[in-house]
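Note that the structure is predicted; figures quoted are calculated from it, not measured. The chains referred to below are lettered A, B, ... by the order of the sequence lines, with proteins before strands, and numbering in each begins at 1.
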Number of protein chains: 2
Amino acid sequence: MISQAVQDYLKSIYKLQQENPDDSVSTTDIAKDLDVSGASVTGMIKRLDTMGMVDYSSYKGVKLTEKGEKVALEIIRFHRLIETYLKEMLGFPLDKIHDEACRLEHHISEEFIERINKLLGEPKFDPHGHPIPSKDGTIIEYEEKPLSEIEPGGEYYISRLSDTDQKLLAYLELMNLMPNIKIKVIDKAPFKGPITISYNGSEKIIGNEVASNIFVKIQ
Amino acid sequence: MISQAVQDYLKSIYKLQQENPDDSVSTTDIAKDLDVSGASVTGMIKRLDTMGMVDYSSYKGVKLTEKGEKVALEIIRFHRLIETYLKEMLGFPLDKIHDEACRLEHHISEEFIERINKLLGEPKFDPHGHPIPSKDGTIIEYEEKPLSEIEPGGEYYISRLSDTDQKLLAYLELMNLMPNIKIKVIDKAPFKGPITISYNGSEKIIGNEVASNIFVKIQ
DNA sequence: CAATAAAATTAATCAAATCTAAATATTTTT
DNA sequence: AAAAATATTTAGATTTGATTAATTTTATTG
Ligand SMILES: [Mn+2]
Ligand SMILES: [Mn+2]
Ligand SMILES: [Mn+2]
Ligand SMILES: [Mn+2]
């Protein structure tokens with residue numbers, strides 16, 4: 001059996017690799033992401049290497065092997081299906097689903113996942129707008145940009161909300177700024193100033209910080 | 001935080017205590033129930049004692065303290081609500097719910113439990129017929145007897161199915177021998193022979209072994 | 001009531017994950 | 001290119017939960 005710790009490391013490495021696909025992932029980045037010491041990361045990385053989950057050489061960082069990536073994608077699939085289920089079927093608020101899913105992802109069975117996947121109608125995106133990997137590990141990719149970098153003018157669809165700050169997510173849900181909402185930038189004040197947007201038939205003003213956590217689909 | 005291991009020990013001690021309320025629970029019985037070595041049990045018991053979860057003195061076995069019992073009942077509440085949820089909302093077969101619940105009980109939040117409790121309509125019994133402890137730790141008790149000890153004649157309601165043998169549970173579900181079904185013993189062959197029963201408008205013959213895993217409510 | 005069997009505890013190890021402090025390698029700056 | 005700063009690894013310890021083997025305590029029985 002693959003322990004929870006191993007699963008969390010693989011998930012973290014996958015995430016960091018996505019953010020920076022060219023470089024290999026550094027110990028320090030993993031340590032920061034998982035909030036553990038650098039020494040712990042070195043120790044675990046060596047084990048992952050002997051398990052064939054990552055390629056590692058001293059002082060050079062790691063890269064997931066095909067095997068490691070497969071495991072990571074499986075956990076991410078679990079995580080995102082659970083998030084979707086918590087929101088859609090149990091009525092959890094948007095800011096509570098991540099933490100719950102992050103625990104459950106390590107403990108539910110294939111059978112459980114298959115059942116909720118069916119009940120949900122095999123969804124392709126979770127409530128944050130994250131794509132849900134298919135069972136064979138393929139994952140939808142598309143181009144997006146933070147709303148804070150969009151010039152006033154065209155219309156866009158919200159594709160994704162950053163899920164790092166749960167307080168912010170609660171605010172976005174309250175404002176009904178959710179994936180798939182059609183949105184238009186009316187005005188953008190200079191020097192990271194407030195941004196005027198129009199959606200759902202009304203105008204709102206949000207801060208640049210907030211807008212930088214909302215991503216819209218490009219073309 | 002109370003670890004999964006600690007939770008499982010407390011649950012096991014609670015169960016063994018119920019089976020034999022007068023004696024204190026022996027190390028060997030816990031070891032058998034949890035499938036660990038006796039030495040492991042001695043080690044854990046000492047920790048539980050210093051945590052104030054059990055009263056323990058060397059060579060004399062353990063008894064749950066009020067604190068320990070409260071924790072045990074909380075986990076049992078979680079376990080049984082999850083079982084009910086897996087059956088009622090996700091359509092799990094009766095023989096698959098125990099193992100899944102036994103893992104999840106340690107990892108779901110109060111919030112999750114409260115939500116499924118509401119959605120299920122605050123059920124009082126799980127699919128095996130086990131009473132679900134209330135949030136404050138009270139638990140319904142009633143008298144019951146194995147069907148194998150019932151003499152032909154009166155009518156009874158199935159109260160509970162033993163959940164130790166999952167294969168047997170699958171058979172019972174197939175036969176529609178489930179809690180709350182009205183049942184009548186028509187004939188009982190001697191020397192632990194087959195038992196003829198009537199329920200749901202038809203007659204069936206089951207083995208004594210099977211009947212000893214079906215419990216009916218007394219009066 | 002002593003001999004034997006069974007139950008329980010102790011002692012010594014192990015593995016997984018973590019940590020801090022010290023040492024070493026790499027990168028950046030002057 | 002040497003010095004300084006940063007990143008990474010090593011060494012040594014800790015905690016939790018488990019093991020086997022040896023010892024001690026309790027229970028049984030002739
Ligand atoms: Mn997780
Ligand atoms: Mn998500
Ligand atoms: Mn359990
Ligand atoms: Mn049950």
Side-chain angles (χ1 to χ4, degrees), chain A residues 1-13 16-17 19-20 22-64 67-68 71-72 75 102-103 105-107, chain B residues 1-14 16-17 19-20 22-64 68 71-72 75 102-103 105-107:
Chain A
M1 248 300 287
I2 296 167
S3 73
Q4 166 156 359
V6 168
Q7 292 180 351
D8 280 336
Y9 273 90
L10 292 174
K11 222 176 67 168
S12 172
I13 296 167
L16 296 166
Q17 214 163 258
E19 287 170 11
N20 224 329
D22 300 329
D23 305 357
S24 56
V25 180
S26 74
T27 2
T28 321
D29 288 349
I30 300 169
K32 262 181 211 145
D33 188 53
L34 294 178
D35 198 30
V36 293
S37 73
S40 301
V41 175
T42 305
M44 177 59 94
I45 269 175
K46 284 177 170 175
R47 276 178 52 214
L48 293 177
D49 189 48
T50 57
M51 288 166 82
M53 296 292 186
V54 300
D55 284 329
Y56 165 67
S57 55
S58 271
Y59 297 98
K60 296 283 170 65
V62 285
K63 271 197 168 116
L64 288 178
K67 186 178 168 190
V71 175
I75 308 160
C102 199
R103 264 177 292 115
E105 64 191 359
H106 310 288
H107 306 287
Chain B
M1 248 300 285
I2 296 167
S3 73
Q4 166 156 358
V6 167
Q7 292 180 350
D8 280 337
Y9 273 90
L10 293 174
K11 222 177 65 167
S12 172
I13 296 167
Y14 181 89
L16 296 166
Q17 214 163 256
E19 286 171 10
N20 225 328
D22 300 328
D23 305 356
S24 56
V25 180
S26 73
T27 2
T28 322
D29 287 350
I30 300 169
K32 262 180 210 145
D33 189 54
L34 293 177
D35 198 28
V36 293
S37 75
S40 302
V41 175
T42 304
M44 178 59 93
I45 269 175
K46 285 178 171 175
R47 276 178 51 212
L48 293 177
D49 190 47
T50 57
M51 288 166 84
M53 297 291 188
V54 300
D55 284 329
Y56 165 65
S57 55
S58 271
Y59 297 99
K60 294 284 169 65
V62 285
K63 271 197 169 115
L64 289 178
V71 175
I75 308 159
C102 198
R103 263 178 292 113
E105 64 191 359
H106 311 287
H107 306 288

Is there side-chain contact between Ile2(B) and Met53(B), with heavy atoms separated by less than 4.5 Å?
yes

Have a look at Ala5(A) and say if it touches a base, only the backbone sugar-phosphate, or nothing, with a 4.0 Å heavy-atom cut-off.
sugar-phosphate

Grab the CE-C1' distance between Met44(B) and dA18(D) for me, whole Å please.
10 Å

Interatomic distance where CE belongs to Met1(B) and C1' belongs to dT15(D) [whole Å]
16 Å

Distance-only, no hydrogens or angles: does the Gln17(A) side chain make a donor-acceptor pair with backbone N or O of Leu64(A) under 3.5 Å?
yes

Before you tell me yes or no, could you show the steps for Lys11(A) and Glu105(A) under side-chain contact (heavy atoms from CB on, under 4.5 Å), namely the whole-Å CA-CA distance, both residues' side-chain angles and the distance that decides it to 0.1 Å?
CA-CA 11 Å; Lys11(A) 222 176 67 168; Glu105(A) 64 191 359; 2.7 Å; yes

Between Thr27(B) and dT9(C), does any side-chain N or O lie under 4.0 Å from OP1 or OP2?
yes

Val6(B) vs Val71(B) side-chain heavy atoms within contact, under 4.5 Å:
no

Taking only the side-chain heavy atoms of Ser37(A) (C-beta and beyond), determine which of dT19(D), dC19(C), dT9(D) contains the nearest atom.
dC19(C)

To the closest 0.5 Å, what do you measure between CG (Asp29(B)) and OG (Ser24(B))?
10.0 Å

Ordered by number, residues from residues 54-64 of chain A within less than 4.0 Å of DNA chain D (heavy atoms) are Tyr56(A), Ser58(A), Tyr59(A)

dT16(D) P sits how many Å from Met51(B) CE, rounded?
9 Å

Test side-chain contact (heavy atoms from CB on, under 4.5 Å) applied to Val54(B) and Val25(B), step by step:
CA-CA 10 Å; Val54(B) 300; Val25(B) 180; over 6 Å; no

Residue Tyr9(B), side-chain heavy atoms: nucleotide from dA18(D), dT19(D), dC19(C) that is nearest:
dA18(D)

Grab the NE2-P distance between His106(A) and dA17(C) for me, whole Å please.
12 Å

Give the rounded distance in Å between these two atoms: CD1 of Ile45(A) and C1' of dA17(C).
14 Å

Please report the distance, rounded to the nearest Å, between CD in Gln7(A) and P in dA17(C).
10 Å

Rounded distance (Å) that lies between atom P of dA18(D) and atom CG of Asp35(B)
11 Å

Side-chain N,O (Lys46(B)) to OP1/OP2 (dT9(C)) below 4.0 Å
no

Whole angstroms only, please: what is the CG-P distance between Leu48(A) and dA16(C)?
12 Å

Below the 4.0 Å mark, does dT9(C) have OP1 or OP2 next to a side-chain nitrogen or oxygen of Thr42(B)?
yes

Using a 4.5 Å cut-off on heavy atoms from C-beta on, say whether the side chain of Tyr9(B) contacts that of Val41(B).
yes

Can a side chain N or O of Arg47(A) be found less than 4.0 Å away from OP1 or OP2 on dA17(C)?
yes

